[in-house]
Amino acid sequence: MSEIELARVRDQISHLPSSLRGPTAVDAGRGIAAEAVLQAPAAGEDYPSTHDLSSVSGRWIVFGSVQLVAAILAGASHFGARGGRLEPEIAANIAVAGTLVSVLVGMLALRIGASMPMVLRSARRTPIIVALVLLPIGFTLGLVRLLTREAYEDVPLIIAAVVQAVGFIALLVILRRTPGAVELRARAGLSDAECAELRGRDPELAQRMKDAEIQALLALTALGQVDPQLAERESARIDERWGVGLVDGGS
């Protein structure tokens, strides 16, 4: 296991939520180990950042920005109704467009999530949560303006209310299907079958993987996110997954 892989594992473990404990923390650590070794950069390069947007290409920045702006407009457009900057009818039309775009982009993010940079992949739930918070507010304000006859035409407000209600349900479904940062980490871990296949195909890489999983477990134990009893069981599990023939903690 190289020094850069060891540093990567320790850095990523340190960024896990402190509330993450037990088997869930172990699964996340296993995924971090897999990413550190299997996605190790070429010599002279760095790992892609999971926190810094400066290394993300412009098209992904635009994609994330569109999703966030649409989420805000989906529920906040009614904040500027009559007496403000927007007429109720215009606000309703913006709410419809924002809701539709938010749902469509959320669905697209689900499909292309694997190709997104990690920093954006980990934050996919944020715009959806923003929309889910604002949509009920926008829905309520739209109904109030409809009932108080603020609008010259009722149809745009009625359409907006229906679209917002359906959009809220659709976004709830998308949110449930969109993995969070911790779940993404856990999914990156190798299965027992993949471990066995890697041991037969590339023993050197398998050794690095075993070392990385050991270091992740040690880091989690040191942080108190894995208790000593679970750490002992998981250490034995690592031997089962990678074979006792590999050297513990080799580099």
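Below, each value reflects all heavy atoms present in this structure, side chains not excepted, and no hydrogens, waters or symmetry copies.
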I need the Asp154 CG to Leu147 CG distance, nearest 0.5 Å. 9.5 Å
Between the CG atom in Leu38 and the CG atom in Leu205, the distance rounded to the nearest 0.5 Å is 5.5 Å
Does atom CD of Glu197 have more than 12 heavy-atom neighbours, drawn from other residues, nucleotides or ligands, at distances under 6.0 Å? yes
Gln215 side chain vs Leu6 backbone, donor-acceptor pair below 3.5 Å: no
Say whether Leu190 and Ile13 are linked into one hydrophobic cluster, either directly or through other cluster members, by side-chain heavy-atom distances under 4.5 angstrom. yes
Does one side chain, of Trp242 or Gln207, offer a donor that lies under 3.5 Å from an acceptor on the other? no
Check: Arg199 side chain, Ala206 main-chain N or O, donor-acceptor pair, under 3.5 Å: no
same_hphob_cluster(Leu68, Ile174) at 4.5 Å side-chain heavy-atom cutoff: no
Under a 3.5 Å distance rule, please check whether Gln164 uses its side chain to pair with a backbone N or O of Gly75 as donor and acceptor. no
Steps toward side-chain contact (heavy atoms from CB on, under 4.5 Å) verdict (Asp11, Ser14): CA-CA 5 Å; Asp11 175 70; Ser14 70; 4.2 Å; yes
Pairing residues for Asp192 by the side chain to side chain donor-acceptor pair (under 3.5 Å) criterion, not counting sequence neighbours: Arg237, Arg241
Could you walk me through whether Glu234 and Glu213 satisfy the side-chain contact (heavy atoms from CB on, under 4.5 Å) test, starting with their C-alpha distance in whole Å, then the side-chain angles of each, then the deciding distance to 0.1 Å, before giving a yes or no? CA-CA 10 Å; Glu234 287 301 325; Glu213 288 194 4; over 6 Å; no
Here the gap from Thr221 atom OG1 to Asp227 atom CG, rounded to the nearest 0.5 Å, amounts to 8.0 Å
Shortest non-hydrogen separation from Pro127 to Ala71 and the atoms involved: O-CB, 3.2 Å
So, for Ser102 and Ala131, which heavy atoms are closest and what is the spacing to 0.1 Å? OG-CB, 3.9 Å
Quick one: does Arg21's side chain have a donor or acceptor within less than 3.5 Å of a partner on Val226's backbone? no
CG of Leu220 to CZ of Arg10, rounded to nearest 0.5 Å, is 12.5 Å
Does Leu20 offer a backbone N or O that forms a donor-acceptor pair with the side chain of Thr24 under 3.5 Å? no
Heavy-atom closest contact (Gln67 atom, Gly106 atom, distance): NE2-CA, 3.8 Å
Between Ile128 and the options Val105, Leu171, Leu172, the side-chain contact (heavy atoms from CB on, under 4.5 Å) test singles out Leu171
Taking CD in Glu204 as the centre, count heavy atoms belonging to other residues, nucleotides or ligands within less than 6.0 Å. Is the count above 12? yes
If you count every heavy atom of other residues, nucleotides or ligands that lies below 6.0 Å from Arg125 atom CZ, does the total exceed 12? yes
Of all heavy-atom pairs between Ala74 and Ala95, which one has the smallest distance, and what is that distance? O-CB, 3.8 Å
Hydrophobic cluster of Leu100, others only, ordered by chain and residue number, side-chain cut-off 4.5 Å: Val96, Val155, Ile159, Val163
Treating Ile, Leu, Val, Met, Phe, Trp and Tyr as nodes and any side-chain heavy-atom pair under 4.5 angstrom as an edge, say whether Leu135 and Ile158 lie in one connected cluster. no
Between Arg185 and Asp27, is the closest basic N to carboxylate O distance under 4.0 Å? no
What I'd like to find out is whether the side chain of Val173 reaches to under 4.5 Å of the side chain of Arg177, using heavy atoms alone. yes
Do Leu143 and Phe168 land in one hydrophobic cluster if side-chain heavy atoms of ILVMFWY residues count as linked below 4.5 Å? no
Going by the rule salt bridge (Lys or Arg N to Asp or Glu O under 4.0 Å), which residues pair with Glu183 if we only count those two or more places apart in sequence or in a different chain? Arg187
Side-chain donor or acceptor of Glu194 paired with backbone N/O of Ser191 under 3.5 Å: yes
In this structure, would Val26 and Leu16 fall into the same cluster of hydrophobic residues linked by side-chain contacts under 4.5 Å? yes
Short side-chain to backbone donor-acceptor contact, Glu5 and Met209, under 3.5 Å: no
Donor-acceptor pair, Ser235 side chain versus Ala231 backbone, under 3.5 Å? no
Quick one: pull up CG in Leu110 and OG1 in Thr178 and give me the separation to the nearest 0.5 Å. 4.0 Å
Taking the side chain from Arg208 and the backbone from Ser2, do they hold a donor-acceptor pair closer than 3.5 Å? no
Just by distance, do the side chain of Glu150 and the backbone of Pro88 share a donor-acceptor pair under 3.5 Å? no
Does CZ in Arg201 sit with more than 12 non-hydrogen atoms of other residues, nucleotides or ligands closer than 6.0 Å? yes
